[in-house]
Amino acid sequence: MVGCVRRLLGLLVALAFAAGAAVLTWPSAFGLERTFPLAQIISFRAPIAAALLAATLLMLLFALIRPIRALALVLALIFGISGGVNVALLNQRGLGTEALPAKTDTSLRVMTWNTAGSATSAESIAQFAVGMQADVVTLPETTIDTGAEVAKLMRDMGQPMWAHHAEYGEYGITGWDATSTTVLIKPELGDYSVIQSSLDGSSNTSTVPSAVAMPVSGNGPIIVAAHAVAPREEYMTQWRSDLQWLADQCASDNVILAGDFNATLDHMTGMGVDGGTLGRCHDTASDSGNGGVGTWPTNAPALLGAPIDHVMATPDWTVSGSVVMRTLDGSGSDHRPIVVQLERTGG
């Protein structure tokens, strides 16, 4: 009788751990990838993989104890498979590339950096953008005053830019840099204007603003400087709404979407259309070997962080390279910048 009870308890324990490992590894199979608190946990797939593999080794040690050997071996198998799948997914998305290909006359370089407001100086932003030969720069949590200063500094360095922005409320009153998102665009792409619905918030992300910049002249892409609210417990509904709004921006052709999505690829599962990652947009970092590199926070190693900042594009654009910059972790921001090189699909 005691043996039967022990086996039953062992089976229940094994099933419980198997279910937990499955939810962490394949949250979308259970429809839980955008629910609290799992959404927060799965943001860090590399630490999950490390924890599962550590648990595998621990169970193998426990298997040396005869009374619990069978259960320990079963748990080691569960944790080992789940950990291996997480490692495989990270490897598939890419664990980092160090350089971009040479820029050509037809290349478009897009940079995005959540600057954490005044934590990052205009000089640091300008120097990095010029050094990376960025044609488009999206800056969540950056006021237009800072953006204009960055544009001026870039002009003085020989790379002029036009500065545009969207904001909620008056920055001087709210005191919160996240109420503003700035986008810098190279004049050679043509004249741009931020659409009215971005400016008045009638069609925009819920809590912190995104800026939709439309070309007034030239044949440049629609540029969406994205900023979704963070998925804190009290903002989960708004966060999900923001992701859907961003997906909807990819419904038209020739769109580049870049910024702080506060979401990883796992959170976007099921939100793609026609093979896209989010709407019709594809994630350029995962297409070019950087999809598993964490962009937040900078006080954690990049491979242990959450890849929540993205540059995405509709099929009109093909990515030729990307880089998540790790050498700027001491610049002030808690986010790492991403730079992506795009080429027109089909030349």
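Any value given below was found using the heavy atoms of this structure, including those in side chains, with hydrogens, waters and symmetry copies removed.
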message = The test is side chain to side chain donor-acceptor pair (under 3.5 Å); show your working for Gln244 and Asp248 and say whether it passes.
response = CA-CA 6 Å; Gln244 186 57 60; Asp248 292 342; 3.0 Å; yes

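- Taking every heavy atom of both residues into account, Pro297 and Phe44 meet most closely at CD-CE2, 4.3 Å.
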request  = Decide yes or no on side-chain contact (heavy atoms from CB on, under 4.5 Å) for Trp296 and Arg336, but give the supporting numbers first.
outcome  = CA-CA 7 Å; Trp296 177 88; Arg336 296 183 179 93; over 6 Å; no

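- Sparse packing is recorded around CZ of Phe62, with 12 or fewer heavy atoms of other residues, nucleotides or ligands lying under 6.0 Å away.
- Put simply, the side chain of His310 gets close to the backbone of Ala263: a donor and an acceptor are under 3.5 Å apart.
- Interatomic distance, Asp283 CG to Leu278 CG, rounded to the nearest 0.5 Å: 9.5 Å.
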message = side-chain contact (heavy atoms from CB on, under 4.5 Å), that's the test. Do Ser180 and Thr182 meet it? Break it down for me.
response = CA-CA 7 Å; Ser180 185; Thr182 293; 4.3 Å; yes

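- Shown here is Phe36, whose CZ atom has more than 12 heavy atoms of other residues, nucleotides or ligands within 6.0 Å.
- Here the options are Gln133, Arg344, Glu343, the test is side chain to side chain donor-acceptor pair (under 3.5 Å), and the partner is Ser107; only Glu343 passes.
- Proximity of Gln127 to Leu153: side-chain heavy atoms (C-beta onward) are nowhere separated by under 4.5 Å.
- In this structure, Thr146 and Thr143 have side chains that are in contact, with non-hydrogen atoms separated by less than 4.5 Å.
- A donor-acceptor contact shorter than 3.5 Å links the side chain of Thr345 to the backbone of Trp317.
- Follow the hydrophobic side-chain contacts under 4.5 Å out from Ile48 and you reach Phe30 in the same cluster.
- At a threshold of 4.5 Å between non-hydrogen side-chain atoms, the residues Leu342 and Thr318 do not count as touching.
- Ser82 and Thr25 get closest at one heavy-atom pair: CB-OG1, 3.6 Å.
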Stepwise side-chain contact (heavy atoms from CB on, under 4.5 Å) test for Leu184 and Val150 = CA-CA 9 Å; Leu184 309 177; Val150 172; 3.5 Å; yes

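- Val273 is not connected to Leu246 by any chain of hydrophobic side-chain contacts under 4.5 Å among Ile, Leu, Val, Met, Phe, Trp and Tyr, and they are in different clusters.
- The number of heavy-atom neighbours closer than 6.0 Å to CH2 of Trp245, taken from other residues, nucleotides and ligands shown, is above 12.
- Without hydrogens or angle criteria, Thr181 side chain to Ala225 main chain gives no donor-acceptor distance under 3.5 Å.
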task = Begin with the C-alpha distance, continue with both residues' side-chain angles, and end with the deciding distance and a verdict on side chain to side chain donor-acceptor pair (under 3.5 Å) for Ser202 and Asp200.
result = CA-CA 6 Å; Ser202 58; Asp200 61 24; 2.7 Å; yes

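- For the pair Pro221 and Val255, the minimum side-chain heavy-atom distance is 4.5 Å or more.
- Between Val136 and the options Val311, Leu189, Thr112, a side chain to side chain contact (heavy atoms under 4.5 Å, CB included) holds for only Leu189.
- Contact check for Met59 versus Thr56: no side-chain heavy atoms found under the 4.5 Å cut-off.
- Considering CE of Met325 and CE of Met111, their distance stands at 9.5 Å, rounded to 0.5 Å.
- Hydrophobic clustering keeps Leu15 apart from Leu71 (ILVMFWY residues linked when any side-chain heavy atoms are closer than 4.5 Å, directly or through intermediates).
- Side chain to side chain, Asp253 and Thr314 fail the donor-acceptor criterion of an N or O pair below 3.5 Å.
- The shortest heavy-atom contact between Leu64 and Arg69 is O-NH2, 3.9 Å.
- The backbone N or O of Arg109 lies less than 3.5 Å from a partner atom in the side chain of Asp135, making a donor-acceptor pair.
- For residues 80-100, the pairs satisfying salt bridge (Lys or Arg N to Asp or Glu O under 4.0 Å) are Arg93-Asp266, with sequence neighbours left out.
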task = List the steps, then state whether side-chain contact (heavy atoms from CB on, under 4.5 Å) holds for Leu328 with Ser124.
result = CA-CA 9 Å; Leu328 296 173; Ser124 294; over 6 Å; no

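- Of all heavy-atom pairs between Phe261 and Ala228, the closest is O-CB, 3.3 Å.
- Considering only residues two or more places apart in sequence or on other chains, His267 meets the ring pair (Phe, Tyr, Trp, His ring centres under 6.0 Å) condition with Trp239.
- You'll find the side chain of Leu73 reaches within 4.5 Å of the side chain of Leu60, heavy atoms only.
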request  = Take Asp334 and Thr298 through the test side chain to side chain donor-acceptor pair (under 3.5 Å) and record every step on the way to the result.
outcome  = CA-CA 5 Å; Asp334 55 347; Thr298 54; over 6 Å; no

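- Note: the hydrophobic cluster containing Met214 does not contain Trp162 (ILVMFWY, side chain heavy atoms under 4.5 Å, direct or indirect links).
- Going from atom OG of Ser331 over to atom CH2 of Trp113 covers 3.5 Å, rounded to the nearest 0.5 Å.
- Residues Ile185 and Val183 are in side-chain contact: their nearest non-hydrogen atoms beyond the backbone lie under 4.5 Å apart.
- Side-chain atoms of Thr115 never come within 3.5 Å of backbone atoms of Thr120 as a donor-acceptor pair (strictly under, hydrogens ignored).
- A donor-acceptor pair under 3.5 Å is formed between the side chain of Gln341 and the backbone N or O of Ala102.
- A donor-acceptor contact shorter than 3.5 Å is absent between the side chain of Thr269 and the backbone of Ser28.
- At a threshold of 4.5 Å between non-hydrogen side-chain atoms, the residues Val212 and Val194 do not count as touching.
- Under the 4.5 Å side-chain heavy-atom criterion for grouping Ile, Leu, Val, Met, Phe, Trp and Tyr, Val85 is not connected to Ile42 through any hydrophobic cluster.
- Closest heavy-atom contact between Ser206 and Tyr168: O-CE1, 4.0 Å.
- Nearest approach of Ala166 to Pro209, heavy atoms of both residues: O-CG, 3.6 Å.
- Using a distance-only test at 3.5 Å, with no hydrogens or angles considered, no donor-acceptor pair links the side chain of Asp309 to the main chain of Ile338.
- Expressed to the nearest 0.5 Å, how far CE of Met132 lies from CD of Gln159 amounts to 11.0 Å.
- Taking a 6.0 Å sphere around CD of Glu123, one finds it holds more than 12 heavy atoms contributed by other residues, nucleotides or ligands.
- Side-chain atoms of His282 come within 3.5 Å of backbone atoms of Ala313 as a donor-acceptor pair (strictly under, hydrogens ignored).
- In this structure, Thr207 contributes its side chain and Val229 its backbone to no donor-acceptor pair below 3.5 Å.
- Interatomic distance, CE of Met236 versus CZ of Arg34, reported as 9.5 Å (0.5 Å rounding).
- Under the 3.5 Å distance criterion, with hydrogens and angles disregarded, no donor-acceptor pair is assigned to the side chains of Thr264 and Ser43.
- From Arg280, atom CZ reaches atom CE of Met312 across 14.0 Å, with rounding to the nearest 0.5 Å.
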